[in-house]
S.K.: 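Attaching a single structure in structure tokens format; questions to follow.
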Amino acid sequence: MLDYHSKTIEKKWQNFWKENKSFEPSDDFSKEKKYILSMFPFPSGRLHMGHVRNYSISDAFARYHRQQGKNVLHPIGFDSFGMPAENAAIKNGSHPKGWTYDNIDYMKNEFYSLGFSFSRERELATSDELYTKFEQAFIIDMYEKGLLYRKKGMLNWCPHDQTVLANEQVVEGCCWRCDTPIVKKDMNQYYFKITQYGDELLDDLKKLEGGWPKQVLTMQENWIGKSNGLAFDLFFDEESSVKLNSTFKSFDVFTTRPDTIYGVSYTALAPEHEIVTYMIENSLLSNDVIAEIKKMKTTSSIDRQKEKAGISLGLDVIHPLTGKKVPVWIANFVLMDYGSGAVMAVPAHDERDFDFAKKYDLPINAVIKPLEGELEADKAFTEVGELFNSGEFDGLNSKKAQYNIINYFEENKIGKKTTNYKLKDWGVSRQRYWGAPIPFVHCEDCGIVMEKKENLPVALPEDIEITGEGNPLDNHPTWKHCSCPACGKPALRETDTMDTFVESSWYFLRFCASPENWEKEAFSKEQIKYWMGVDHYIGGIEHAILHLLYARFFTKVFRDLGYIEFDEPFDKLLTQGMVLKDGAKMSKSKGNTVDPDAIIEKYGADTARLFILFAAPPTQELEWNDSAVEGAYRFIKRFYERSSKVQKSETIPKIDHASLSKEEKFARKKVYEALVRANDVYNERYTFNTMIAGVMEAMNALNTQENQDVWSEGYWILCSIMEPVIPHVASEISEKYFSLNNLTTQSVLEEVFVEDSMTLGVSINGKRRCEIEVALGESDETIIALAKESASKWLEGMTIIKEIVVPKKLVNIVVKG
RNA sequence: GCGGAUGUGGUGAAAUUGGUAUACACGCCAGACUUAGGAUCUGGUGCCGCAAGGUGUGGAGGUUCAAGUCCUCUCAUCCGCACCA
């Protein structure tokens, strides 16, 4: 009897792998490669179960492909810049750098105590100065290409702390630290021109079909939000123009539904619209109204979409086709970042416009009717249909009318066919310390000047105090003072740092570089060409839009800068679900976390990995269950202890299948079924839970017989299947009995699946009643006869209408009685 | 609010193409064994019913010989919404 001691076995193999550098990728580029990558973690302090899940999945892929003889790159790094380091500094007085690197050290130990097969030599942290150095060089290239520019943008500002706040730091419109109501401040910031790549980011989603989950492709498509429509100017009437001191004659609106234009009954501006701003600044609005607008502006964009609110401006514009007056409103649901920040409102055919019109008692003029049926009262009809009350366009269908109306506007030069995107340029400035400095210098004479590449990195000062007030780099006594790289005169460094999404937009390229060249170059074309794209990219669904879109954008930019030669970074994407406990996301504030260390201590890493892969398919949410963890532990224990039935062997045993008993045959069949399923899971389906269930079934079947060869063959295969999941115990058994020779590609023996009879279900009117056993290849007539006989009880007094035989599945007899 | 997903026994889940619903585990129940252990092993276990049988995949309709799977509506929960990463 063997005794399972997870600690001894796990320590032994973790040391073995470390000493033998078992998981370093080879530089032999003639081998077939697999690049397996999990989204790298932010070093928050300790691993949580979401991490364990993420890396258990990628590790299973990595180990499987190593078994298949592939050259596997499975790297790990830390996304180590970011706000939490500063929050910790504010809270505990720790230094962001020390806090970050202490966390990294701790988490690295946790990783290796879980047995993850990462390349140790390629570990990196994005806050490493070496990483910053190359990133800043890329930023300079992008600026020079015109892909990075400066413009004003609205930020959350706490007037008390004199600091910019992240959305997360705004709690109910107030500063998280001092509770001061926030204001919106217009500040100069840097933006990536991601919109320039909008069309390509959209079109290339097609290349990802099959490799990426459909839902992610749809989310990205909707996020880019390309829509075609009509843009035109709405002109103020005389009276309104005079009210505005003739400063504005018109404003621009965009609509995707020009066919509904005769139904316009009001127009709405975003509260941030320049006309509104002008009216506030020139005292054209009452204080009450101004206060209301202010409130709208500081409400989060999400809340603004919920309860509709508006204010009449007392202005009118002229409808471009009917010449009638149309009132101008401010509406909270109109967003300044989309289109022109102004809309024509057609309450009869748009739900939001409808709700708004109802609330403020504005006219609702229907101009589209359904092609079939009647218009429903008291509801916006948002489908396409046939036009009426639309002048010369009456009777046209929506599509034709859209075309004709756009043409009419273009011919009369009063509007233009326009394409709009929801996608906005990516703001990258952060007024914070713990991030990569933007390597620019402001010179009075030369304007914005790039730092010289030989001077990179522009590194962060370490003597810094993080108080939560102001911008730390700006407050530093000396750091920002420098000389202009162009003219040499005293100048000021840019004190904004970069959004941490920048680091995560190219780290997967950096991993392709062999460490001996790390100082010299970010990565080489040759290495990139070999390793990219990432074969399996695994991470949380919460990154479905932003991170993945930004990484795709950087890839395209790097391609256009000549660094790489492909369009998309991630061939296959697997989005994992969250880890829950008691039905809620594990979080410190809810107090429902489970510490991975405690699980490793109690049961071992293999148990943690097995449970997490067994409890649910990777894409689904995973409910933590303590006693199911125990069950995983017991399986491993059984798996280890029963290996004593195995005969030592250097090769897979040869078995004469025909001579076996029924139980022995069944056991072999189950083992090979598990193998077929495993190959399918590792290559196509990724449902590790069903693969593990298959192995458990095979184990149960092996246990019904005593044939030592069948046991040995079973373990030879099952250890190979399970090594990617429970590597320590599987390696231990494989070494002991098979000298590790079984950890390689396994071939499937078809002979074990051959059967001479099959069981068919018999249904009457689709309801399963009994089953029959028939010989393989039996004719349908015989099968039906057999089915009728065994189901005779349910057929008495009935008229048979139809008989259906579904091959190898069932017989359905349709009766009437 | 908009966009995306999910919903199956007491629990996590399975059912790959419309074809025998609940595989595999957890839990529970019963038994065996014992050096009394974090045991282990064997059997049972959707629900109602003594049974025959009925019923059953969030809810309501529909298509089909046949629906967890397809369609329409609806409810609940979760994810994202651009400065959390």
Side-chain angles (χ1 to χ4, degrees), chain A residues 39 41-42 44 79 82-84 87 155-156 164-170 189 213-216 218-219 221-223 225 300-308 333 337 351-352 355 422-432 499-501 504 540-547 549 575 577-578 580 583-585 602-603 614-617 619-635 637-638 641 677 680 684-685 687 689-690 692-697 700 703 759-763 765-771 801-804 806-814:
Chain A
M39 291 178 186
F42 175 80
S44 55
D79 190 14
M83 219 171 51
N87 291 347
L155 296 173
N156 304 314
V164 173
L165 298 175
N167 290 338
E168 195 188 50
Q169 296 173 316
V170 178
Q189 298 182 82
K214 266 202 195 75
Q215 81 214 60
V216 176
T218 310
M219 281 194 250
E221 188 185 330
N222 293 338
W223 186 261
S300 77
S301 60
I302 295 162
D303 288 337
R304 267 171 66 171
Q305 309 288 313
K306 287 181 187 163
E307 177 65 33
K308 307 226 164 12
F333 63 86
D337 330 285
E351 270 163 35
R352 291 176 307 175
D355 293 345
K422 284 209 186 89
L423 181 67
K424 299 183 278 187
D425 277 340
W426 169 14
V428 281
S429 288
R430 298 291 181 271
Q431 293 69 29
R432 296 204 181 88
D499 179 5
T500 57
F501 274 125
S504 53
I541 184 71
E542 65 273 22
H543 298 289
I545 295 173
L546 290 181
H547 161 61
L549 193 70
T575 49
M578 287 185 312
L580 312 178
K585 185 176 177 173
K602 196 168 174 191
Y603 303 106
F614 180 57
T619 52
Q620 208 165 303
E621 288 170 347
L622 182 146
E623 175 72 28
W624 189 266
N625 179 329
D626 288 322
S627 52
V629 174
E630 201 120 355
Y633 176 80
R634 286 203 301 264
F635 172 78
K637 208 167 124 104
R638 256 191 329 264
E641 286 168 0
R677 199 186 276 188
D680 192 29
E684 300 285 340
R685 282 168 31 91
T687 47
N689 55 328
T690 61
I692 294 162
V695 171
M696 287 173 170
E697 284 179 54
N700 292 345
N703 208 40
T759 308
L760 298 181
V762 178
S763 299
N765 288 344
K767 177 80 203 163
R768 184 178 171 275
R769 290 300 178 183
C770 57
E771 59 185 36
I801 297 168
K802 204 168 178 182
E803 292 148 344
I804 296 147
V806 183
K808 292 179 185 172
K809 302 267 181 189
L810 58 80
V811 181
N812 190 19
I813 300 171
V814 187

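To find a chain, count down the sequence lines: A is the first, B the second, and so on, and within it residues start at 1. Below, each value reflects all heavy atoms present in this structure, side chains not excepted, and no hydrogens, waters or symmetry copies.
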S.K.: With a 4.5 Å heavy-atom cut-off, do A:R638 and A:N703 have their side chains touching?
M.R.: no

S.K.: Base, sugar-phosphate, or nothing: which does A:R769 touch, judged by heavy atoms less than 4.0 Å apart?
M.R.: sugar-phosphate

S.K.: In whole Å, what separates the P atom of B:C47 from that of B:A82?
M.R.: 47 Å

S.K.: Which whole number of Å gives the distance between the C1' atom of B:G19 and that of B:C70?
M.R.: 14 Å

S.K.: Distance check, C1' atoms only: B:A32 and B:G7, in whole angstrom units.
M.R.: 41 Å

S.K.: With nearest nucleotide decided by heavy atoms, which residue, A:T687 or A:M219, maps closer to the 5′ end of RNA chain B?
M.R.: A:M219

S.K.: Taking side chain to side chain contact (heavy atoms under 4.5 Å, CB included) as the test, write out the residues that go with A:V170, two or more places apart.
M.R.: A:N156, A:L165, A:I182

S.K.: Considering residues at least two apart in sequence or located in another chain, which fulfil the side chain to side chain contact (heavy atoms under 4.5 Å, CB included) criterion with A:K306?
M.R.: A:I302, A:D303

S.K.: Got a sec, which residues hit ring pair (Phe, Tyr, Trp, His ring centres under 6.0 Å) with A:W426, two or more places apart in sequence or on another chain?
M.R.: A:F192, A:Y550, A:F554

S.K.: Touch check for A:R304, heavy atoms < 4.0 angstrom, all strands: base, sugar-phosphate only, or nothing?
M.R.: nothing

S.K.: With sequence neighbours excluded, what pairs up with A:S504 under the side chain to side chain contact (heavy atoms under 4.5 Å, CB included) test?
M.R.: A:F40, A:D79, A:F501, A:Y507, A:H547

S.K.: Can you tell me, in whole Å, how much space there is between the C1' of B:G27 and that of B:A66?
M.R.: 34 Å

S.K.: Considering only the C1' atoms, how many Å lie between B:U16 and B:G68, rounded to the nearest integer?
M.R.: 14 Å

S.K.: Where does the chain A footprint on RNA chain B start and end, counting 5' to 3' with a 4.0 Å heavy-atom cut-off?
M.R.: B:G1 to B:A85

S.K.: Considering every strand and a 4.0 Å limit on heavy-atom distances, what is the contact class for A:R352: base, sugar-phosphate, or nothing?
M.R.: nothing

S.K.: Classify the nucleic acid contact of A:N812 as base, sugar-phosphate or nothing, counting any heavy atom under 4.0 Å across all strands shown.
M.R.: base

S.K.: Kindly say whether A:A628 contributes a backbone atom to a donor-acceptor pair with the side chain of A:N625 at under 3.5 angstrom?
M.R.: yes

S.K.: What is the nucleic acid contact for A:A544, judged by heavy atoms within less than 4.0 Å: base, sugar-phosphate only, or nothing?
M.R.: nothing

S.K.: Indicate, with a heavy-atom threshold strictly under 4.0 Å, whether A:N703 touches base, sugar-phosphate, or nothing.
M.R.: sugar-phosphate

S.K.: Does the side-chain contact (heavy atoms from CB on, under 4.5 Å) test come out yes or no for A:T690 and A:R677, once each step is laid out?
M.R.: CA-CA 8 Å; A:T690 61; A:R677 199 186 276 188; 3.9 Å; yes

S.K.: Scan A:E803 against the nucleic acid and name what it touches under 4.0 Å (heavy atoms): base, sugar-phosphate only, or nothing.
M.R.: nothing

S.K.: Quick one: list whatever passes salt bridge (charged side-chain N to carboxylate O under 4.0 Å, His left out) with A:R304, sequence neighbours left out.
M.R.: A:E272

S.K.: Who are the side chain to side chain contact (heavy atoms under 4.5 Å, CB included) partners of A:K802, not counting sequence neighbours?
M.R.: A:I804, A:V814

S.K.: Would you mind listing every salt bridge (charged side-chain N to carboxylate O under 4.0 Å, His left out) that reaches into residues 623-632 of chain A, with sequence neighbours excluded?
M.R.: none

S.K.: Please measure how far the C1' atom in B:U17 lies from the corresponding atom in B:G12, and state the result in whole Å.
M.R.: 27 Å

S.K.: Please state the P separation for the pair B:A25 and B:G43 - nearest whole angstrom.
M.R.: 12 Å

S.K.: Write out the stems for RNA chain B, ordered by first number and formatted as range with range, counting runs of at least 3 consecutive Watson-Crick or G-U wobble pairs under 3.5 Å.
M.R.: B:1-7 with B:75-81, B:10-12 with B:24-26, B:27-32 with B:40-45, B:46-48 with B:53-55, B:58-62 with B:70-74

S.K.: Across the strands shown, which category fits A:H547 at heavy-atom distances under 4.0 angstrom: base, sugar-phosphate, nothing?
M.R.: nothing

S.K.: Base, sugar-phosphate, or nothing for A:W624, non-hydrogen atoms under 4.0 angstrom?
M.R.: nothing

S.K.: Between A:Q169 and A:A166 (side chain of the first, backbone of the second, donor and acceptor by atom type, cut-off under 3.5 Å), is there such a pair?
M.R.: yes

S.K.: Using a heavy-atom cut-off of under 4.0 Å over every strand shown, decide if A:Q189 touches base, sugar-phosphate, or nothing.
M.R.: base

S.K.: At under 4.0 Å between heavy atoms, what does A:L155 touch on the DNA or RNA strands: base, sugar-phosphate, or nothing?
M.R.: base

S.K.: Between A:N700 and A:N765, just flag the one whose closest nucleotide in RNA chain B comes earlier from the 5' side.
M.R.: A:N700

S.K.: For atom P, what is the distance between B:C73 and B:A23, given to the nearest Å?
M.R.: 34 Å

S.K.: Please classify the glycosidic conformation of B:G31 as syn (within 90° of 0) or anti (everything else).
M.R.: anti

